[in-house]
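Notes for the one structure printed next.
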Amino acid sequence: MAAGGGGAKPTVGSRMENFRKVRTSEEESPLPFPDLSPGVVEMKVKEGSKIRNLMNFAMAQLELRGSRQIVFSGSGRAVTKTITCVEIMKRKLGGLHQVTKVRYKTLLEVWENQNPLPGGPAQNLTVHKNVPSISILLSRDPLDPNQTGYQPPEPRAELGTRLSRAEGTSSSSTKGLKRPLPPPCEQLLTKKLQAEKPECPRGSGTTASQPGCHH
């Protein structure tokens with residue numbers, strides 16, 4: 001009686017486990033950059049996009065087809081992946097002017113009821129979500145440095161130094177493991193001393209003439 005006669009909101013809230021997201025759509029909006037070149041390339045980054053596929057296509061457009069500008073756009077969970085693509089592109093090509101615009105977009109999620117009941121909630125639910133969105137313009141040609149979000153090209157040397165530092169940091173943690181350890185001083189001890197005295201720590205630099213490593 002209570003379940004059948006309850007209001008729509010309590011019923012929907014108590015049975016949301018029966019709903020499955022079947023479709024997500026994003027509102028269409030123009031790129032937030034004025035005076036884009038006619039041949040600008042637009043890369044829409046999704047949460048499930050493969051960075052390798054995105055970069056292969058983007059590089060082909062700029063190097064093979066001679067495009068002068070490219071825009072990477074992503075929203076929600078794809079924002080981080082969008083920024084990653086831009087950084088890779090800047091390191092590969094260098095000399096790119098950049099303008100970054102951050103805004104909000106509305107996503108429409110359609111949820112389908114997998115177990116509809118007579119008199120129960122609707123078959124489908126539509127949920128509107130506002131999520132952060134980022135659009136980044138990269139251009140071979142100079143851009144207006146006075147506009148909001150502008151970044152001048154970074155020197156190739158600086159980009160290379162940053163990349164080398166990152167690689168050096170990752171390898172330094174294993175560098176010490178490649179050094180041979182000094183012979184363990186317990187090899188200099190007799191079986192009797194090994195039983196009576198603790199062993200010297202490995203790799204401490206202790207020699208046989210120091211305390212704890214007598215013949």
Side-chain angles (χ1 to χ4, degrees), residues 19-112 124-167 169-170:
F19 284 81
R20 179 175 63 91
K21 185 166 63 174
V22 296
R23 186 170 66 256
T24 301
S25 59
E26 182 178 304
E27 66 174 356
E28 294 295 332
S29 57
L31 294 175
F33 306 106
D35 303 327
L36 288 174
S37 63
V40 63
V41 179
E42 184 178 0
M43 303 291 298
K44 294 184 177 181
V45 183
K46 305 296 183 182
E47 181 181 350
S49 300
K50 301 294 184 182
I51 292 181
R52 178 179 299 179
N53 296 339
L54 292 169
M55 297 311 303
N56 288 341
F57 181 83
M59 292 297 295
Q61 296 298 308
L62 266 69
E63 292 191 324
L64 300 181
R65 299 189 60 182
S67 299
R68 306 295 297 175
Q69 294 182 339
I70 187 169
V71 177
F72 287 89
S73 299
S75 58
R77 296 182 179 180
V79 168
T80 301
K81 188 172 294 186
T82 303
I83 298 174
T84 300
C85 291
V86 169
E87 292 300 319
I88 294 175
M89 179 70 71
K90 289 165 61 179
R91 290 177 182 178
K92 284 183 174 291
L93 297 181
L96 296 177
H97 299 260
Q98 175 180 338
V99 175
T100 303
K101 300 292 185 181
V102 179
R103 51 182 176 170
Y104 279 87
K105 277 191 173 183
T106 301
L107 297 182
L108 302 180
E109 295 182 348
V110 178
W111 295 72
E112 183 180 68
N124 294 332
L125 292 176
T126 302
V127 179
H128 297 254
K129 295 177 63 176
N130 289 328
V131 297
S133 174
I134 190 169
S135 295
I136 303 177
L137 168 64
L138 297 177
S139 175
R140 292 180 181 271
D141 301 321
L143 301 172
D144 182 7
N146 296 320
Q147 61 180 315
T148 305
Y150 173 80
Q151 295 182 32
E154 296 185 38
R156 280 183 176 271
E158 182 177 340
L159 289 173
T161 301
R162 286 166 47 190
L163 187 57
S164 299
R165 287 177 180 175
E167 293 175 349
T169 303
S170 62

> Taking only residues two or more places apart in sequence, or in another chain, which ones meet Pro132 in a side chain to side chain contact (heavy atoms under 4.5 Å, CB included)?
Replying inline: Tyr104
>> As an exercise, state the distance from OG of Ser73 to NZ of Lys101, rounded to the nearest 0.5 Å.
In response: 12.5 Å
> Between Ala58 and Met89, what is the shortest heavy-atom contact and its length?
Replying inline: CB-CE, 3.3 Å
>> Applying side-chain hydrogen bond (donor to acceptor under 3.5 Å, both in side chains), can you list everything that pairs with Thr82, at least two apart in sequence or on another chain?
In response: none
> Under the side chain to side chain contact (heavy atoms under 4.5 Å, CB included) criterion, do Ser139 and Leu96 qualify, and how do the steps go?
Replying inline: CA-CA 5 Å; Ser139 175; Leu96 296 177; over 6 Å; no
> Who are the side-chain hydrogen bond (donor to acceptor under 3.5 Å, both in side chains) partners of Ser133, not counting sequence neighbours?
Replying inline: none
>> side chain to side chain contact (heavy atoms under 4.5 Å, CB included), that's the test. Do Gln98 and Ile136 meet it? Break it down for me.
In response: CA-CA 7 Å; Gln98 175 180 338; Ile136 303 177; 3.7 Å; yes
> Listed by chain and number, what are the side-chain hydrogen bond (donor to acceptor under 3.5 Å, both in side chains) partners of Thr24, not counting sequence neighbours?
Replying inline: none
> Roughly how far apart are Ile88 CD1 and Lys90 NZ, rounded to 0.5 Å?
Replying inline: 12.0 Å
> What are the two closest heavy atoms between Leu138 and Phe72, and how far apart are they?
Replying inline: CD1-CE1, 4.3 Å
>> Using a strict threshold of under 4.0 Å (side-chain N to carboxylate O), is an ion pair present between Glu109 and Arg23?
In response: no
> Taking all non-hydrogen atoms of both residues, which atom of Gly74 and which atom of Val79 are closest, and how far apart?
Replying inline: O-CG2, 3.8 Å
> Excluding sequence neighbours, so at least two apart, what forms side chain to side chain contact (heavy atoms under 4.5 Å, CB included) with Val41?
Replying inline: Met43, Phe57, Gln61, Ser67, Ile70
>> Under the rule for side-chain hydrogen bond (donor to acceptor under 3.5 Å, both in side chains), what residues qualify as partners of Thr106, not counting sequence neighbours?
In response: Asn130
>> When you compare the side chain of Leu108 with that of Val127, does any pair of heavy atoms fall below 4.5 Å?
In response: no
> Quick one: salt bridge (charged side-chain N to carboxylate O under 4.0 Å, His left out) pairs with a partner in residues 61-75, sequence neighbours left out?
Replying inline: Arg68-Asp141
> Val110 and Leu125: side chain to side chain contact (heavy atoms under 4.5 Å, CB included), yes or no, with the steps?
Replying inline: CA-CA 6 Å; Val110 178; Leu125 292 176; over 6 Å; no
> Does any pair with a residue in residues 38-47 pass salt bridge (charged side-chain N to carboxylate O under 4.0 Å, His left out), and if so which ones, sequence neighbours excluded?
Replying inline: Glu28-Lys44, Glu47-Arg77
> Taking only residues two or more places apart in sequence or in another chain, which ones pass salt bridge (Lys or Arg N to Asp or Glu O under 4.0 Å) with Lys105?
Replying inline: Glu26
Acceptor/donor pairs from residues 143-152 side chains to any protein atom, 3.5 angstrom cut, sequence neighbours excluded:
{"from": "Asp144", "atom 1": "OD1", "to": "Asn146", "atom 2": "N", "distance (Å)": "3.0"}
{"from": "Gln147", "atom 1": "NE2", "to": "Asp144", "atom 2": "O", "distance (Å)": "3.3"}
{"from": "Tyr150", "atom 1": "OH", "to": "His97", "atom 2": "ND1", "distance (Å)": "2.8"}

> About how many Å separate CZ of Arg20 and CG of Asn124, when rounded to the nearest 0.5 Å?
Replying inline: 10.5 Å
> To the nearest 0.5 Å, how far apart are CZ in Phe19 and CD in Glu112?
Replying inline: 9.5 Å
> side chain to side chain contact (heavy atoms under 4.5 Å, CB included) with Val40: which residues, sequence neighbours excluded?
Replying inline: Leu36, Ser37, Gln69, Val71
